[in-house]
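Here is the structure we will look at.
Numbering starts at 1 and runs along the sequence shown. Counting convention: from 1, in listed order, for ligands and their atoms alike. Computed from a predicted model, the values in this text were never measured in an experiment.
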Amino acid sequence: MILKTLRTYFNSELLGYYPDTEISSFFHILSEHILKLNQINIALNLYQVVSGKKYDKFQTAIDRLKVYQPIQYILGQTEFYGLKFKVNDSVLIPRPETEELVDWIIKASISKDKIRILDIGTGSGCIAISLAKHLPNAKVLALDISSKALKVAQENAKQNDVDVEFMHKNILSIPNYFLDSQDRFDIIVSNPPYVRQSEKTEMKPNVLENEPHIALFVDDDDALQFYKAIVQLSVNNLNKNGMLFFEINEYLGNEMIKLLQKFEFENIDLKQDLFGKDRMIKATKKA
Ligand SMILES: C[S@@+](CC[C@H](N)C(=O)[O-])C[C@H]1O[C@@H](n2cnc3c(N)ncnc32)[C@H](O)[C@@H]1O
């Protein structure tokens, strides 16, 4: 089949599943990925024959898009903070809001030398790896409860040529794990599960049906469960003046401020994301 016919076929197969602009964007993304043709080159190569494995990849993508699988899982990769990350259904797809959190941490620590950073609930490793890449003086450690996620994170660290120490740990059962004072951290960061079960109705079906629930959901009656565990861990494991950075549930900014005050953190700064929602918070441990 020639590219021009493939494009018509692709559009007609997905008609009614997505808006036209999104279908056209999927076609461009897949053409770039499978045929290495950017938008201009598609127009210049409309009579190129697409057959065999390359055609099969388009057909598989159409089938997966019809059941609303995210394009990032179909490609097996995504971009985060200018870096390429492998993703599959064992890891959350990194979000643009999380890039803002990474940017905040880099700006707050770029001038410091020799810092130790811990990323809790690392998933694809997007936070830990981006920090390691942009903060060459940092020693970065990261943990997750999911061994499948850690495997992806390890591959991502290798692909991006950074050294991150990954650990298979449950944050809810390791409050004293890092107690050796020489090994304290200067920064602890986490984007833990924070969506309440009652908020499921606000979520798009492609997220609900495809992304790992262990990465997303918490019980309504203990929505800050992960934050409480991490704040408590930070009291013992952050250096004086060390910083805690969290991505948070947009509805729980005030509760987060109270939690950090309760544990005597200072300089608490709640920040909105690019959509104007309370999305991240930073606090400093008392000197
Ligand atoms: C919201 S995802 C964040 C993933 C990644 N850091 C990001 O920002 O895209 C939360 C992560 O926490 C991990 N997680 C869930 N429960 C955990 C636990 N009890 N201990 C450690 N990690 C946990 C999940 O496997 C998931 O990778």
Side-chain angles (χ1 to χ4, degrees), residues 70 72-73 77-106 117-133 140-157 160 162 164-178 187-197 199-200 203 207-208 210-219 222-234 237 244-250 252 256 273-274 277 279-281:
Q72 295 90 338
Y73 287 159
Q77 68 176 44
T78 192
E79 217 178 278
F80 180 88
Y81 211 75
L83 301 172
K84 281 217 167 80
F85 285 85
K86 177 183 168 169
V87 287
N88 62 28
D89 59 9
S90 305
V91 300
L92 190 88
I93 297 166
R95 303 292 204 270
E97 301 90 292
T98 313
E99 290 182 308
E100 295 184 70
L101 179 70
V102 165
D103 199 53
W104 203 16
I105 301 173
I106 291 173
I117 301 178
L118 174 64
D119 172 28
I120 296 175
T122 197
S124 63
C126 59
I127 297 176
I129 291 166
S130 306
L131 292 175
K133 195 81 188 173
V140 184
L141 290 87
L143 64 88
D144 205 287
I145 196 170
S146 159
S147 47
K148 284 186 176 167
L150 285 169
K151 191 168 172 281
V152 175
Q154 262 151 357
E155 286 174 32
N156 281 327
N160 284 297
V162 294
V164 173
E165 192 177 321
F166 291 103
M167 296 168 289
H168 188 207
K169 299 276 171 216
N170 178 352
I171 188 60
L172 300 177
S173 64
I174 55 159
N176 291 320
Y177 184 72
F178 299 102
I187 291 177
I188 294 181
V189 51
S190 185
N191 173 19
Y194 61 66
V195 182
R196 289 171 290 187
Q197 298 286 344
E199 288 164 351
K200 272 187 176 170
M203 298 184 84
V207 174
L208 262 183
N210 292 287
E211 298 200 67
H213 285 199
I214 193 177
L216 289 167
F217 296 111
V218 285
D219 285 339
D222 198 6
L224 296 186
Q225 180 186 34
F226 287 96
Y227 298 93
K228 286 180 198 158
I230 295 166
V231 171
Q232 279 175 34
L233 177 100
S234 302
N237 295 286
L244 194 47
F245 286 87
F246 284 121
E247 183 168 321
I248 62 162
N249 182 315
E250 68 201 70
L252 299 176
M256 280 303 304
D273 62 20
L274 67 170
K277 296 183 171 166
R279 184 62 69 203
M280 54 214 115
I281 198 159

Can you tell me which residue and heavy atom of the protein come closest to atom 22 (N) of ligand 1, and the distance to 0.1 Å?
Ile145 N, 3.2 Å
Quick one: pull up CD in Gln77 and OG in Ser124 and give me the separation to the nearest 0.5 Å.
12.5 Å
Could you pull out the closest heavy-atom pair between Lys169 and Leu143, with the gap in Å?
O-CD1, 3.8 Å
Ligand-side contact atoms (ligand 1) for residue partner Ile171, heavy atom cut-off under 4.0 Å:
18 (C), 19 (N), 20 (N), 21 (C)
Heavy atoms from other residues, nucleotides or ligands near NZ of Lys84 exceed 12 (cutoff 6.0 Å):
no
Less than 3.5 Å between some nitrogen or oxygen of Pro94 and one of ligand 1, yes or no?
no
When distances are taken from atom 15 (C) of ligand 1, the protein heavy atom at minimum range is Ile214 O, 3.3 Å
Ligand 1 to Cys126, heavy atom cutoff 4.0 Å, flagged ligand atoms 7 (C), 8 (O), 9 (O)
Ile120 vs Leu233 side-chain heavy atoms within contact, under 4.5 Å
yes
Could you tell me the separation between the CE atom of Met280 and the CD atom of Glu250, rounded to the nearest 0.5 Å?
12.0 Å
Which atoms form the tightest heavy-atom contact between Ile188 and Ser234, and what is the distance?
CD1-OG, 3.6 Å
To the nearest 0.1 Å, how far is atom 19 (N) of ligand 1 from its closest protein heavy atom, and which atom is that?
Asn170 OD1, 2.7 Å
Does atom NZ of Lys200 have more than 12 heavy-atom neighbours, drawn from other residues, nucleotides or ligands, at distances under 6.0 Å?
yes
How far is atom 27 (O) of ligand 1 from the closest protein heavy atom, and which atom is that?
Asp144 OD2, 2.7 Å
Nearest protein heavy-atom contact for atom 2 (S) of ligand 1: which residue, which atom, what distance?
Ala215 O, 3.4 Å
Closest protein heavy atom (residue, atom, distance) for atom 5 (C) of ligand 1:
Thr122 O, 3.3 Å
closest protein heavy atom to atom 12 (O) of ligand 1 is Gly121 CA, 3.4 Å
Under a 4.0 Å heavy-atom limit, does Lys169 contact ligand 1 with its side chain, its backbone, both, or neither?
backbone
Can you find an N/O atom of Asp119 closer than 3.5 Å to an N/O atom of ligand 1?
no
Tell me, with the steps shown, if Tyr227 and Ile248 meet side-chain contact (heavy atoms from CB on, under 4.5 Å).
CA-CA 9 Å; Tyr227 298 93; Ile248 62 162; 3.9 Å; yes
Only counting residues at least two apart or in another chain, list the ones meeting side chain to side chain donor-acceptor pair (under 3.5 Å) with Gln225.
none
Side-chain heavy-atom pair Thr122, Leu150 within 4.5 angstrom cut-off
yes
Using heavy atoms and a threshold below 4.0 Å, how should the contact between Phe226 and ligand 1 be classified: side chain, backbone, both, or neither?
side chain
Chi angles and distances behind the side-chain contact (heavy atoms from CB on, under 4.5 Å) call for Phe217, Glu199
CA-CA 9 Å; Phe217 296 111; Glu199 288 164 351; over 6 Å; no
With backbone taken as N, CA, C and O and side chain as the heavy atoms from C-beta onward, which portion of Thr98 lies under 4.0 Å from ligand 1: side chain, backbone, both, or neither?
side chain
Protein heavy-atom partner closest to atom 10 (C) of ligand 1 - residue, atom, separation in Å:
Asn191 O, 3.4 Å
For Leu216, which part has a heavy atom under 4.0 Å from ligand 1: side chain, backbone, both, or neither?
neither
I'd like to know if Ala149 contacts ligand 1, where contact means a heavy-atom distance under 4.0 Å to any ligand atom.
no
